[in-house]
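Everything below concerns the one structure shown next.
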Amino acid sequence: MADTFYTNAGCTLVALNPFKPVPQLYSPELMREYHAAPQPQKLKPHVFTVGEQTYRNVKSLIEPVNQSIVVSGESGAGKTWTSRCLMKFYAVVAASPASWESHKIAERIEQRILNSNPVMEAFGNACTLRNNNSSRFGKFIQLQLNRAQQMTGAAVQTYLLQKTRVACQASSERNFHIFYQICKGASEDERLQWHLPEGAAFSWLPNPERSLEEDCFEVTREAMLHLGIDTPTQNNIFKVLGQGKGRESWERCSCFLQEGGPP
Ligand SMILES: Nc1ncnc2c1ncn2[C@@H]1O[C@H](COP(=O)(O)OP(=O)(O)OP(=O)(O)O)[C@@H](O)[C@H]1O
Ligand SMILES: [Mg+2]
């Protein structure tokens, strides 16, 4: 009721999912306020306090020391959201001045790091009973800083992708977002190339009528482009996802599965 979504419990920050947009809580101005504060821990509890404290811990020692933030909670608690917030925070406070000279469109490294989110989520998230955008994998994100505390790179390791979801979904749940994105967002030409007839129903893609904000194909494509996955490579990826998945083959495969035969 008080719109207070963060509180401290010892060295742990407890975050409550507000289940509504609270834009003023994540503004760049607020990020800068926490970043500039002499003692950020004295400000209201916030995910930016954790971000800033770890950022300072890296540099405050004679030798830089790696810092880890563990984001945990039940499905729908807001882990992915919180990780995104932290990445945005570091993209603002640890922005590097250098851009990639060799690249035609000079793309800042921070932007590429943020662009990894829509791609990871399109291919690894799905609508479940508990969360419309549920991560079906775990991830370890490493952000790398240079001695000047600027972001110089990132690495993402993923764990335990729920691959079985491709062929089997609980009722009222969906397959991975990317399948719905290509079905809903492909142009007429692409539909032909990728064997996705207009209006086709696929038995492995249940509940397509649910329209989610995660179904935005353009956002995924744009993010892939920014990550250096060019249009021909993207086409090949989408062709693989769509190929041979016309109504008949999808249905034949799921029949086999139901009968316990080879998929
Ligand atoms: N701080 C927040 N402000 C506004 N909305 C939020 C916030 N945190 C979470 N949400 C909302 O709750 C939804 C679920 O959060 P999120 O996807 O981060 O959960 P999760 O913990 O990653 O769950 P899962 O384990 O299923 O992946 C988000 O899509 C978003 O709509
Ligand atoms: Mg998640």
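We count residues from 1, following the sequence as given. Atoms within a ligand are numbered from 1 in the order they appear, just like the ligands themselves. Since the model is a prediction, treat every value here as computed from it, not as a measurement.
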- Is there a nitrogen or oxygen of Pro18 sitting under 3.5 Å from a nitrogen or oxygen of ligand 1? no

- ligand 1 atoms in contact with Glu74 (distance to a heavy atom under 4.0 Å): 21 (O)

- Under 3.5 Å: N/O of Arg136 near N/O of ligand 1: no

- Message: Just to confirm my output: which protein heavy-atom neighbour is closest to atom 15 (O) of ligand 1, and how far is it?
- Response: Gly78 CA, 3.6 Å

- Take Phe5 and His46 through the ring pair (Phe, Tyr, Trp, His ring centres under 6.0 Å) test and state the conclusion after the steps. CA-CA 8 Å; Phe5 305 108; His46 198 291; over 10 Å; no

- Message: With a 3.5 Å distance limit and no angle check, can you tell me whether Asn8 reaches the backbone of Gly10 through a side-chain donor-acceptor pair?
- Response: no

- Message: How far is atom 8 (N) of ligand 1 from the closest protein heavy atom, and which atom is that?
- Response: Trp81 CG, 3.3 Å

- Any idea which protein heavy atom is nearest atom 27 (O) of ligand 1, and the distance to it? Ser135 N, 2.8 Å

- atom 17 (O) of ligand 1 has as its nearest protein heavy atom Asn131 ND2, 3.0 Å

- Message: In the structure I gave you, are the side-chain heavy atoms of Gln162 and Phe137 within less than 4.5 Å of one another anywhere?
- Response: no

- Note on the structure: Residue, atom and distance of the protein heavy atom nearest atom 20 (P) of ligand 1 read Lys79 N, 3.5 Å

- Note on the structure: In this structure, atom 22 (O) of ligand 1 is nearest to the protein heavy atom Thr80 OG1, 2.8 Å

- Paired with Phe48, the side-chain contact (heavy atoms from CB on, under 4.5 Å) test is passed by just one of Leu13, Leu30, Val92, namely Leu30

- Message: Below 3.5 Å, N or O to N or O, backbone or side chain included: is there any such pair between Glu214 and ligand 1?
- Response: no

- Task: Flag the pair Lys88 and Glu110 as a salt bridge only when some basic side-chain nitrogen lies within less than 4.0 angstrom of an acidic carboxylate oxygen.
- Result: no

- The protein heavy atom nearest to atom 12 (O) of ligand 1 is Asn17 ND2, 2.8 Å

- Identify, by atom number and element, the atoms of ligand 1 in contact range of Asn133, meaning under 4.0 Å from any of its heavy atoms. 17 (O)

- Note on the structure: For Ser134, the atoms of ligand 1 under 4.0 Å from one of its heavy atoms are 24 (P), 26 (O), 27 (O)

- Item | Salt-bridge contact Arg165-Glu173 (side-chain N to carboxylate O under 4.0 Å) | yes

- Message: With respect to the Mg ion (ligand 2), please indicate if Ser134 possesses an N, O or S atom at a distance under 2.8 Å.
- Response: no

- Query: Any N/O of Gly76 closer than 3.5 Å to an N/O of ligand 1?
  - Reply: yes

- Task: Just say parallel, tilted or perpendicular for the rings of Phe238 and Phe123, cut-offs at 30° and 60°.
- Result: parallel

- Message: Tell me whether Arg136 forms a cation-pi arrangement with Phe176, defined as NZ or CZ under 6.0 Å from the six-membered ring centre and within 45 degrees of its axis.
- Response: no

- Task: Report yes or no: does Ser75 have an N/O/S atom closer than 2.8 Å to the Mg ion (ligand 2)?
- Result: no

- Task: May I ask you to test the Leu16-Tyr6 pair for a side-chain heavy-atom distance under 4.5 Å?
- Result: no

- Item | Nearest neighbour of atom 1 (N) of ligand 1 from the list Tyr26, Phe19, Tyr6, Phe5, on a heavy-atom basis | Tyr26

- Would you call Arg221 and Glu190 a salt bridge, using N to O less than 4.0 angstrom? yes

- Item | salt_bridge(Lys139, Glu121) N-O dist < 4.0 Å | no

- Item | ligand 1 contact by Lys20, heavy-atom criterion under 4.0 angstrom | yes

